[in-house]
Amino acid sequence: MDSQPYRDADDVTMDDSITLKGIKQGLLVTIKPDGKWSDLTGRLMTLIDSQGDFFQGAQVTLALGPRDLRGHELSGIQTQLARRGVMLLAVLSDSERTISSTRKLGLQTALDTLIVEEAEPIVPEAPKPPPIDSEEHGTHGVLIKRTLRNGRTVHSDGHAVIIGDVNAGAVVVAHGDVIVWGRLRGTVHAGANGDEAAVVCALYLAPTQLRIAGYITISPEDRRRKPRPEKAMIRNGRIEAVAWE
Amino acid sequence: MSARIVTITSGKGGVGKTTATANLAVSLASLGKKVICIDADIGLRNLDVVMGLENRIVYDLVDVIEGRCNLRQAMVKDRRIPDLYLLPAAQTRDKTAVSPDDMITLTDGLRPDYEYILIDSPAGIEWGFRNALAPADEVVVVTNPEVAAVRDADRIIGLIEADERRLPASLIINRVKPDMVRQGDMLSVDDVIDILSVRLLGVIPEDEYILIASNKGVPITLDHQNSPASTAFRNIARRLTGEQVPLINLDSRGGILRRLARIFGASKAAP
């Protein structure tokens, strides 16, 4: 087991579950097929965050081996990468399910076409305008169209949108953002696997407890002022709520 | 005849499920309906006590389920009012003596002979609650205007909503004190409805005579028919039968000064 965090400039390793390699098309991230997906993606994001601007504008290819991933799990990591200015280019996998999820997201499932390009002699090429992609690639989430009562829970690998109230005693946990089109009185955790850019929005923000990534806060005791839509986010090292406009 | 089965539940204990069951049963029977109430609180029965029928129990619900007697033998008829019956709970057993399927079989046997079957659910969300819910056609949730009771009512309504049968649920808010609400010391009916967003079946004002009536074993709707709580229970019974009955304005006792103050838009300064 290699305990050193860096092997050489092109081959960065946290432990042996995630390996980064420089390739022609950018970066090849190999994630071992065992271990919990959310833990591993969390670790990858931590690694990216710890490298400052190094990953800005990078193109990443994921090599996942036989791991089965559903569409929302892939779109989840795509979103998290996009937030860090990293573009997900392709997903290499031996799993039928993962390959199909990858196709659904419009991502490449192999690098061979690119490798061919790589092998071609470098001819000074006329810059081709990139094809126009009119499709807006959204991110994945769950939508709940009812009031979440005491004792009900929602867990999402992407975002969570609740059209209705979140009553005291209800719990919403999402890796992405949490949007409540109603009154939020329960407990909510956005960016639950460490995404500090996640936000929590509600028409009336009065949660029992609000967490974003590793931050935690409670509602102010006295809320005399008129309810207004608010957005909570991490700012200046703590959770702050501002008008949601 | 095919009875409508109404389960009365609350989550939290002590909010007035049993009192509500007894008084709704009496009120429905007074409207000429044929009613039986079932105490589903096996091991902690007290509907019989509140109804004053304790000393006439011979067999109970578990005896029926385990085949020691037939349904008719276990039923206790209330002699004060026609067509009101009680099926008591067993006191010496626990909730596991009965299963949800047993409750369905039992009530299927009663349905043809009654118009209303009221089931008094035990507190909590465990086995006994599930037994009480299993045969229900509709659920009445009883709560008090206090935060803990409303929390539990919310949990119960959530469980009912998550049930695939999509049972209709409605709410009784019990023990409301208009004076305290006015002072801002008690949740108002609006506050409770705001949180629970469920159909309001009725509001029962706090009435010390309810306690006296329970202790005597004479439901307030039998003995003290003109009290505000009696009227409220009777109105709820009528709403259960589908009649449109407006809510009583509990605040009307505020008097002329308060009403004047309201007209001049200074309700907060009212005495």
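Letters A, B, ... are given to chains in the order of the sequence lines, protein chains preceding strands, and every chain is numbered from 1. These numbers were taken from a predicted model, which means no experiment stands behind them.
Side chain of A/N150 to backbone of B/R151: a donor-acceptor contact under 3.5 angstrom is found. For the pair A/D165 (side chain) and B/I195 (backbone), a donor-acceptor distance under 3.5 Å is absent.
Neither the backbone nor the side chain of B/I125 has a heavy atom closer than 4.5 Å to any heavy atom of chain A.
One finds the CG atom of A/L148 at 10.0 Å from the CD atom of B/E161 (value rounded to the nearest 0.5 Å). Distance check: A/R152 CZ to B/L159 CG gives 6.5 Å after rounding to the nearest 0.5 Å.
Around the CG atom of A/L143, the shell of radius 6.0 Å holds more than 12 heavy atoms that belong to other residues, nucleotides or ligands. The neighbour count for B/E243 CD, taken as heavy atoms of other residues, nucleotides or ligands under 6.0 Å away, is above 12. Within 6.0 Å of CH2 in A/W181 there are 12 or fewer heavy atoms belonging to other residues, nucleotides or ligands. Shown here is A/R183, whose CZ atom has more than 12 heavy atoms of other residues, nucleotides or ligands within 6.0 Å.
The pair A/R149-B/D152 fails the salt-bridge criterion, with no side-chain N (NZ, NE, NH1 or NH2) lying under 4.0 Å from an Asp/Glu carboxylate O.
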